[in-house]
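The block underneath contains the structure these notes are about, expressed in structure tokens.
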2 protein chains.
Amino acid sequence: MQASAELFRRNGYTGTGLKQITTEAQAPFGSLYHFFPGGKEQLGDEVIRSSGMLYTQLFDIYLTPAPDLVSGIESTFAGAGETLVETGYADACPIATVALEVASTNERLREATADVFTAWIDKGTETFARFGLSAEDARALTIAVVTSLEGAFVLCRSLRSTEPMAAASATVVARARELQAG
Amino acid sequence: MQASAELFRRNGYTGTGLKQITTEAQAPFGSLYHFFPGGKEQLGDEVIRSSGMLYTQLFDIYLTPAPDLVSGIESTFAGAGETLVETGYADACPIATVALEVASTNERLREATADVFTAWIDKGTETFARFGLSAEDARALTIAVVTSLEGAFVLCRSLRSTEPMAAASATVVARARELQAG
DNA sequence: GTCTATACAAAGATAGAC
DNA sequence: GTCTATCTTTGTATAGAC
């Protein structure tokens, strides 16, 4: 399950074989179908949900303890950039690659990714509201953070540079200042 | 080639079979290896570059003729949102899915996607500079546009909603205003 | 030179031995 | 109940008929 998340994140859903997963996890092949009778799709579903939900806590790590909105956003993007560099631009969003792969091809998995993004947005909205934003503005800013992060991951991983992460950070900060000014 | 681009965009690189491509294109299987001796990787390389470079002209369509920076950006995001809705959230960026899939698994294709993004950034920087921004600011704003679009595609396709596109648009507009004010 | 037919490996899935 | 061995399909790639 841990190994699956890692492989899906780096190689995608269609790019990861079940044999590869059991080999990596040092588990016998048959046991996979014991724990996941629904096969690859059930495994994918559960991996998306668990690894996605795990990321919800990043809001608590980076944003909740921040002294103000702007510094919270800046440290979030800085943290994402560091992770990218430390892992050789491999580890980024746990579900982005899979989300794009399945969006038009597998409805069950598409819904799983949608549920994860929805959870992130709800959590972020709640967190940003504590900084004095209206519910509407807090939601818009959260979506801005998530979309900018996701887009930055695409460009950073392709270009092997953190420049897009910095540009994305400055952009969201500008929006945060604008919303905070009212 | 046209059919390949369509399939790669919707199903990804690993998710698209060569037989699927020749069937869709109503071409005999053998002819694929006649035109692409390098097999799937060469085909992928050429599809990424050609479909990616084709998108460069979107800068000329949406941004160049715009009366000002903000309305140009707004019409770009609005256009992306319309395309998404019209195609049932299938067609978005021609290379995003593939870019994430190959970023850590296929160096040749990763470079192809990087070359495309670099071309977009250079083209956008040039376009934005005409609106009076410094080269540095024009580049930062271009990267903001591309990352926000890419991230919005991820969320919009997963959630089947254009809300992220609207949030991304407002965010980039805020940054554009900030840069223009100096 | 085009294309059909096939080779060979790897995919997902299952049956049956332990 | 766990896992090995196998089945079927699908993938990429190629050889050879026309």
Side-chain angles (χ1 to χ4, degrees), chain A residues 1-51 94-95 97-113, chain B residues 1-51 94-95 97-113:
Chain A
M1 189 79 169
Q2 193 88 20
S4 313
E6 194 74 9
L7 288 168
F8 281 152
R9 184 196 317 221
R10 301 196 183 196
N11 308 331
Y13 179 71
T14 52
T16 303
L18 294 183
K19 287 177 182 171
Q20 194 180 358
I21 290 173
T22 51
T23 302
E24 191 84 10
Q26 293 182 323
F29 187 77
S31 70
L32 193 150
Y33 280 89
H34 178 68
F35 294 109
F36 304 97
K40 191 178 187 181
E41 190 170 318
Q42 185 191 350
L43 173 64
D45 194 327
E46 294 191 22
V47 166
I48 289 166
R49 291 179 189 280
S50 68
S51 62
I95 66 163
T97 309
V98 178
L100 284 180
E101 282 182 286
V102 303
S104 304
T105 57
N106 187 314
E107 186 61 13
R108 177 181 176 182
L109 297 185
R110 195 221 102 223
E111 281 176 15
T113 64
Chain B
M1 190 80 170
Q2 193 89 19
S4 312
E6 194 75 9
L7 288 167
F8 282 151
R9 183 197 317 221
R10 302 196 184 196
N11 308 331
Y13 179 72
T14 52
T16 303
L18 294 183
K19 285 179 182 172
Q20 195 182 357
I21 289 173
T22 51
T23 302
E24 192 83 10
Q26 294 182 322
F29 188 76
S31 70
L32 193 150
Y33 280 88
H34 177 70
F35 294 108
F36 303 96
K40 192 180 187 180
E41 190 171 319
Q42 185 191 350
L43 174 64
D45 194 325
E46 294 193 20
V47 167
I48 289 166
R49 291 178 190 281
S50 67
S51 62
I95 67 163
T97 308
V98 177
L100 284 179
E101 281 183 288
V102 304
S104 304
T105 57
N106 187 315
E107 186 60 12
R108 176 180 176 183
L109 297 185
R110 195 221 102 224
E111 280 176 16
T113 64

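What you see is a predicted model; the values in this text were computed from it and never measured. So that the names make sense, note that chain A is the first sequence line, chain B the second, and so on, each numbered from 1.
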Item to check | Spatial distance of atom CZ (A/Arg9) from atom OG1 (A/Thr97) [nearest 0.5 Å] | outcome: 9.5 Å

Checklist entry - So what does B/Thr16 touch, heavy atoms closer than 4.0 Å: a base, only the sugar-phosphate, or nothing? => result sugar-phosphate

Checklist entry - Of the non-hydrogen atoms in B/Ala3 and B/Glu24, which two are nearest, and what is the gap between them? => result CB-CG, 4.1 Å

Item to check | B/Ile21 CD1 - D/dT12 C1' separation (whole Å) | outcome: 11 Å

Checklist outcome for this item: To the nearest angstrom, the CG-C1' distance between A/Leu32 and D/dT2 comes to 13 Å

Next on the checklist: Rounded to whole Å, how long is the line connecting atom CG of A/Leu43 with atom P of C/dA13?
Outcome noted: 10 Å

Item to check | Value in whole Å for how far the C1' atom of D/dT9 lies from CD of B/Gln20 | outcome: 15 Å

Checklist entry - D/dC3, C/dT2, D/dT12: which one has an atom nearest the side-chain heavy atoms of B/His34? => result C/dT2

Checklist entry - So is A/Lys40 actually on top of A/Tyr33's ring, under 6.0 Å and inside 45° of the axis? => result no

Checklist entry - Just to confirm, is there a sub-4.0 Å distance from OP1 or OP2 of D/dT12 to any side-chain nitrogen or oxygen of B/Lys40? => result yes

Checklist entry - Whole Å only: how far is the CG atom of A/Leu18 from the C1' atom of D/dT9? => result 14 Å

Checklist outcome for this item: Here the distance between atom P of C/dA10 and atom CG of A/Asn11, to the nearest Å, is 16 Å

Item to check | Gap separating the CD atom of B/Glu111 from the CG atom of B/Asn106, nearest 0.5 angstrom | outcome: 9.5 Å

Checklist entry - When the distance from CG of B/Leu7 to P of D/dT12 is rounded to whole Å, what number comes out? => result 12 Å

Next on the checklist: Applying a 4.0 Å non-hydrogen cut-off, can you work out what B/Thr22 is touching in the nucleic acid: base, sugar-phosphate, or nothing?
Outcome noted: nothing

Item to check | Side-chain N,O (B/Tyr33) to OP1/OP2 (D/dT14) below 4.0 Å | outcome: no

Checklist entry - Salt-bridged, B/Glu107 to B/Arg110, with N to O below 4.0 Å? => result yes

Item to check | Residue A/Lys19, side-chain atoms from C-beta onward, closest of C/dC3, C/dT4, C/dG12 | outcome: C/dG12

Next on the checklist: What's the closest nucleotide to the side chain of B/Phe29 if the choices are C/dG1, D/dA13, D/dT4?
Outcome noted: D/dA13

